[in-house]
*Asks:* 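The structure's right below; bear with me while I get my questions together.
Counting from 1, the numbers follow the sequence of the chain as shown. Not measured: the values here are computed from a predicted model.
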Amino acid sequence: MIKTINNTNSKLKKKFEKILGEGNVLTAREDCIMYATDATAAGIDLYLPDYILFPADTVQVSEIVKIAYENNIPITVRGAGTNMAGCCVPFKGGIVLAINKMNKILDFDIQNQTIKVQTGVIVGDLQNIVEKEGLFYPPDPSNLAVSTIGGSLALSSSGSRTFKYGGTKDYVIDLTIVLANGEIIKTGANTIKNATGYNLTQLFVGSEGTLGVITEATFRLIPKPEQNKVMLVYFKKIADAANAINAIIMSKIVPSVLDIMDKTTMQIIEQYCDAGFLTNNDAALFIEVDGDEAHIQSQINVIQQICLDFGASEQQISATKEEKQKIWKARRSSFGAVAKLRPNVLSEDMVVPRSKMPDMIKKTYEIAEKFDVNISIVGHAGDGNFHPHIAFDMRDRQEAERVNAAIKELFLSAINLGGKISGEHGIGSAKAKYLKYSVDTTTLKYMKQIKSIFDPKNIMNPQKIFDYENK
């Protein structure tokens, strides 16, 4: 259903075309429909923007934002549109600021191990560029082949390697921001250490485009690990797999990746890409270890014994680069595979203390049974980040209501276990009504004040993070 009316002003369109050129300003209805939603399951409702603009640099973004500020036009920044919490949906119409053409490497300082990029650069491309020089950018969202640096900064996303290496927020050292009135600021420095004033860099990382437009980012890099190996360890009971995770962590072994998949997820992926998963098992741990050869082998030995102690049924270790790539491809395809089951898929994203992961897994299956919904489990178990995939048909009103009830109980369960309602997907619009359960009233008040200071007209990605419908 079309929820907003495409309302283009010819005078404003000409102003945008003067800044960007005609080919970088789209207003046709069919174009607006393409930019009316993101990967959120709520894609049945389309919120049409009035303008889709493709800037090439910070100056052009600033000029666009100044016009938007003067005319009270909402701005929604969009990269690849892969967000799963409604962060890229232009609920108030206005401008979709597509950063895809802002894809330049601005400076690669190998000596100081830093790289400065525009935020339309693809995460996977950045990784490939630095690894050719023996350096490493660890954050690895599952959709890194298409997701942009801007999106990962907006959500503070991180992916599987957070357990050992930390997430996006741990590598960004400087940002260029266009504020809501068009002013341009720098938030950090081109140095690894910086204790000069308030840390505005960390304020903007994870702000979901609600405080300003991030146009450039500088990251610190680290040396690339000498080599790595991937292990798949299978368990007949998912509870045993979850308990093995805690035992691995307690052993002081720090794999670069420690993920879990349940039987349903493995079966779906196997149908999708013939990964060779042993789907007669209840769960599998996806484990990557890295370092020099001796260190890798010592880690594998400890992990293997721990898993056997907790009832592991079978173990597989990658022997070649091709085997590693095949396993990684399968691991990254979980959402796409689940999407083949039903017309809609929600990939939720709560986080709990790592020791509570077995409790959260148990609770998830109880909720799935209670509300009769289809839930498959994938999780970055090493950092407590939990992704239940829910496949359903939104056109079935009763099923949709059961799904909504299940989601609320999932969030409340994570909170009761000491967790939060998002680890890397953000709040967006989909989770806004649940924020009050996860953040205390006083903290929420100051969050809203920060928003009003940076965006007094509420034009920067409106209707996100905060529950505007139930004030």
*Asks:* For Asp109, is there an ion pair with Lys116 - N to carboxylate O distance below 4.0 angstrom?
*Replies:*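 Result for this pair is no, no salt bridge flagged.
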*Asks:* Which atom names give the shortest non-hydrogen contact between Thr76 and Cys87, and what distance separates them?
*Replies:*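 Smallest heavy-atom distance, with atoms named: CG2-O, 4.1 Å.
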*Asks:* Any donor-acceptor pair under 3.5 Å linking the side chain of Ser158 with the backbone of Pro139?
*Replies:*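 Flag not set: sc Ser158 to bb Pro139 has no pair under 3.5 Å.
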*Asks:* State plainly whether the residues Glu288 and Lys324 are in salt-bridge range, i.e. N to O under 4.0 Å.
*Replies:*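 So Glu288 does not pair with Lys324 through a salt bridge.
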*Asks:* Taking side chain to side chain donor-acceptor pair (under 3.5 Å) as the criterion, tell me which of Lys224, Lys164, Lys229, Arg161 meets it with Asp290.
*Replies:*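 Going through Lys224, Lys164, Lys229, Arg161 one by one, the side chain to side chain donor-acceptor pair (under 3.5 Å) with Asp290 is satisfied by Lys164 alone.
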*Asks:* Work out which heavy atom in Ile177 is nearest to a heavy atom in Phe204; give both atom names and the distance.
*Replies:*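 What the structure gives for the nearest pair is CG2-CE2, 3.6 Å.
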*Asks:* Of all heavy-atom pairs between Glu424 and Leu155, which one has the smallest distance, and what is that distance?
*Replies:*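 Scanning both residues, the minimum pair turns out to be O-CB, 3.5 Å.
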*Asks:* Between Arg331 and Asp259, is there a salt bridge with N-O shorter than 4.0 Å?
*Replies:*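 The answer is yes: the pair qualifies as a salt bridge.
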*Asks:* Step through it carefully: locate the ring centre of Phe219, locate the ring centre of Tyr137, and say whether they are under 6.0 Å apart.
*Replies:*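 Centroid separation for Phe219 and Tyr137: below 6.0 Å.
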*Asks:* Is the charged tip of Arg220 near the ring of Tyr171: under 6.0 Å from the six-membered ring centre and within 45° of its axis?
*Replies:*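 Yes; both conditions hold, so Arg220 lies above the ring face of Tyr171.
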*Asks:* Can any side-chain N or O of Glu208 pair as donor or acceptor with the backbone N or O of Ile427 at less than 3.5 Å?
*Replies:*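 A pair under 3.5 Å: yes.
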*Asks:* Is the backbone of Asn243 close enough, under 3.5 Å, to the side chain of Asn246 for a donor and an acceptor to pair up by distance?
*Replies:*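 Between the backbone of Asn243 and the side chain of Asn246 there is no qualifying donor-acceptor contact (under 3.5 Å).
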*Asks:* Before accepting this row, confirm whether a basic side-chain N of the pair Asp282/Lys263 lies closer than 4.0 Å to the acidic partner's carboxylate O.
*Replies:*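 Result for this pair is no, no salt bridge flagged.
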*Asks:* Decide whether Asp349 and Ser422 meet the rule of one side-chain donor and one side-chain acceptor closer than 3.5 Å.
*Replies:*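 Indeed, the side chains of Asp349 and Ser422 share at least one donor-acceptor pair under 3.5 Å.
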